[in-house]
Amino acid sequence: MALTFAAKLADIEEDEPLAIQLGDQHIALYLLDGKVYATHNVCTHQFALLSDGYMEDGCIECPLHQGKFDIRTGAAVCAPVTEPIRTYPVQVEGDSVMVDL
């Protein structure tokens, strides 16, 4: 596992996605029920940043066409999205959020 520093835990707010860039990867970080999750930040349906969408019930809603993805698994859960988004393992070390790309 090659962990990369992504953000400070204090920078991630519950139910507010945080967009970050790690190298050439667009990543979104989420805080849900005290646990941090990371996904690819680009919708698989059309190019839209998921971090500009809304979190609800453990899902992120794409701001372009309102398709939804489960942030825990990446699964596409609502049309028009059909392809899942990539998820990344996250480890919190003190106040540092580390992501395995």
Side-chain angles (χ1 to χ4, degrees):
M1 185 183 287
L3 295 172
T4 302
F5 174 80
K8 293 286 188 186
L9 184 58
D11 294 336
I12 309 170
E13 297 180 37
E14 189 83 22
D15 297 327
E16 290 291 329
L18 176 66
I20 62 168
Q21 182 99 16
L22 294 178
D24 62 351
Q25 297 293 316
H26 295 277
I27 306 293
L29 299 176
Y30 313 87
L31 184 60
L32 177 65
D33 298 326
K35 186 171 179 183
V36 180
Y37 297 89
T39 71
H40 190 64
N41 194 23
V42 179
C43 180
T44 57
H45 174 246
Q46 288 187 343
F47 185 88
L49 294 178
L50 296 173
S51 59
D52 291 338
Y54 300 98
M55 280 181 66
E56 184 176 45
D57 298 328
C59 291
I60 185 69
E61 181 179 289
C62 177
L64 193 58
H65 292 115
Q66 291 70 50
K68 292 182 183 179
F69 300 93
D70 186 313
I71 64 167
R72 296 161 290 217
T73 65
V77 296
C78 175
V81 297
T82 58
E83 296 294 318
I85 52 172
R86 184 168 181 191
T87 60
Y88 302 92
V90 174
Q91 186 171 325
V92 178
E93 297 176 357
D95 189 41
S96 296
V97 175
M98 311 294 286
V99 174
D100 183 7
L101 296 180

Mind listing the closest non-hydrogen atom pair of [X] and [Y] along with its distance?
X: Leu32; Y: Gly58; result: CD2-CA, 3.7 Å
X: Leu22; Y: Thr4; result: CD2-CG2, 4.1 Å
X: His40; Y: Tyr88; result: N-CE1, 3.5 Å
X: Pro17; Y: Ile60; result: CG-CD1, 3.6 Å
X: Cys62; Y: Ala48; result: SG-CB, 3.7 Å
X: Leu50; Y: Tyr30; result: CB-OH, 4.3 Å

Holding to side-chain contact (heavy atoms from CB on, under 4.5 Å), I want the full list of residues that pass it with Ile12, two or more places apart in sequence or in another chain.
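side-chain contact (heavy atoms from CB on, under 4.5 Å) check on Ile12 returns Leu18, Leu29, Leu31, Val36, Val97.
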To the nearest 0.5 Å, what is the distance between [atom1] ([X]) and [atom2] ([Y])?
X: Gln46; Y: His65; atom1: CD; atom2: NE2; answer: 4.5 Å
X: Tyr37; Y: Arg72; atom1: OH; atom2: CZ; answer: 6.0 Å
X: Gln21; Y: Ile27; atom1: CD; atom2: CD1; answer: 8.5 Å
X: Phe69; Y: Glu83; atom1: CZ; atom2: CD; answer: 9.0 Å
X: His26; Y: Ser51; atom1: NE2; atom2: OG; answer: 10.0 Å
X: His45; Y: Thr82; atom1: NE2; atom2: OG1; answer: 7.5 Å

Show, in sequence, the C-alpha distance, side-chain angles and deciding distance for Glu93 and Leu3, and conclude whether the side-chain contact (heavy atoms from CB on, under 4.5 Å) test is met.
CA-CA 11 Å; Glu93 297 176 357; Leu3 295 172; 3.8 Å; yes
Using the side-chain contact (heavy atoms from CB on, under 4.5 Å) rule, take Ser96 and Lys8 through it: C-alpha gap first, then chi angles, then the decisive distance, then the call.
CA-CA 5 Å; Ser96 296; Lys8 293 286 188 186; 4.0 Å; yes
Is the side chain of Asp95 donor-acceptor paired with the backbone N or O of Ala10 at a distance under 3.5 Å, no angle test?
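The answer is yes, because a donor-acceptor pair under 3.5 Å joins these two groups.
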Look only at the side chain of Asp100 and the backbone of Pro89, and say whether a donor-acceptor pair between them is shorter than 3.5 Å.
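No.
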Would you say Val92 ends up clustered with Leu101 if hydrophobic residues are merged whenever their side chains have heavy atoms under 4.5 Å apart, either directly or through other cluster members?
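Linked within one cluster.
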Begin from the C-alpha positions of Ile20 and Gln25 and carry the test side-chain contact (heavy atoms from CB on, under 4.5 Å) through to its verdict.
CA-CA 8 Å; Ile20 62 168; Gln25 297 293 316; over 6 Å; no
Would a 4.5 Å heavy-atom cut-off, applied to side chains only, mark Cys43 and Val81 as touching?
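Yes, at least one pair of side-chain atoms sits under 4.5 Å.
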Go through it in stages, so that I can follow the logic: the residues are Val77 and Cys59, the test is side-chain contact (heavy atoms from CB on, under 4.5 Å), and I'd like the CA-CA distance, side-chain angles, deciding distance and then a yes or no.
CA-CA 8 Å; Val77 296; Cys59 291; 3.8 Å; yes
